[in-house]
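Let me begin by presenting the structure, written as structure tokens, before commenting on it.
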Amino acid sequence: MDQIKIGKFIATRRKEQGMTQAVLAEKLGISDRAISKWENGKSMPDSGIMLELCDLLRINVNELLSGERIMAEAYDKLAEENLLAMRREVEEKNRQMLKMEYLIAFPAVIAGLIMVILASFIEMPIWLRIALIVFALLLIFTVAFIAVGIEQKAGYYECQNCHHRYVPTYWQVNLAMHMGRTRYMKCPECGKRSWQKKVLTKEG
Ligand SMILES: [Zn+2]
């Protein structure tokens, strides 16, 4: 332990808290000569008084013994920021995926419908009519399956009853009644069925 450093640290923190040596001494119930000795690095506060001293200087014992502020807050904040950034990234990825779902599904469904309309109203050999309709249905079904896969993987569904957020299986999503992306499914947490909304994050 570096007593000189600790002493200077005590002096700095004391001044930052707007206290004279006399005021600090009075609060601790000791002589101001004792404080002067700490601050000059000639002695250390004894352990019986350390907690109270740290409290008055608004530092922790670890910091007192290191003779400096330990940037725990800065560290925590950084970690928090990193977490948030990661969360935003996942959210953004999910958002992109859901956008892609529409970009794939919408044109495919329109194309399929146009084929069915053409096959129904335009003069053509019967085999071509059937082929067109079969192709259109295959197209719509294939794309719907792909789209559901994207929807299932991107983000979570939220139970309307208990607000639990979870990722259902592909078939749960695929077989569920739905209005847009809101699907009628059973919650694995509370077991109730409800219209579950698509949400991008795990936490509400
Ligand atoms: Zn629930």
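Remember, it's 1-based here, ligands and their atoms both numbered in the order they're listed. Small disclaimer: the values here were computed from a predicted structure and weren't measured.
Checked by atom type, the side-chain pair Gln21/Glu39 shows a donor-acceptor distance below 3.5 Å.
The 12-atom threshold is exceeded at CZ of Arg95, counting heavy atoms of other residues, nucleotides or ligands nearer than 6.0 Å. Atom OH of Tyr166 has more than 12 neighbouring heavy atoms from other residues, nucleotides or ligands inside a 6.0 Å radius. Around the NZ atom of Lys5, the shell of radius 6.0 Å holds more than 12 heavy atoms that belong to other residues, nucleotides or ligands.
Within the cation-pi definition used here (under 6.0 Å to the ring centroid, within 45° of the axis), Lys198 qualifies as a partner of Tyr157.
Listed by chain and number, the protein N, O or S atoms at a distance under 2.8 Å from the Zn ion (ligand 1) are Cys159 SG, Cys162 SG, Cys187 SG, Cys190 SG.
A salt bridge does not link Lys197 to Glu158: none of the charged side-chain nitrogens sits closer than 4.0 Å to a carboxylate oxygen.
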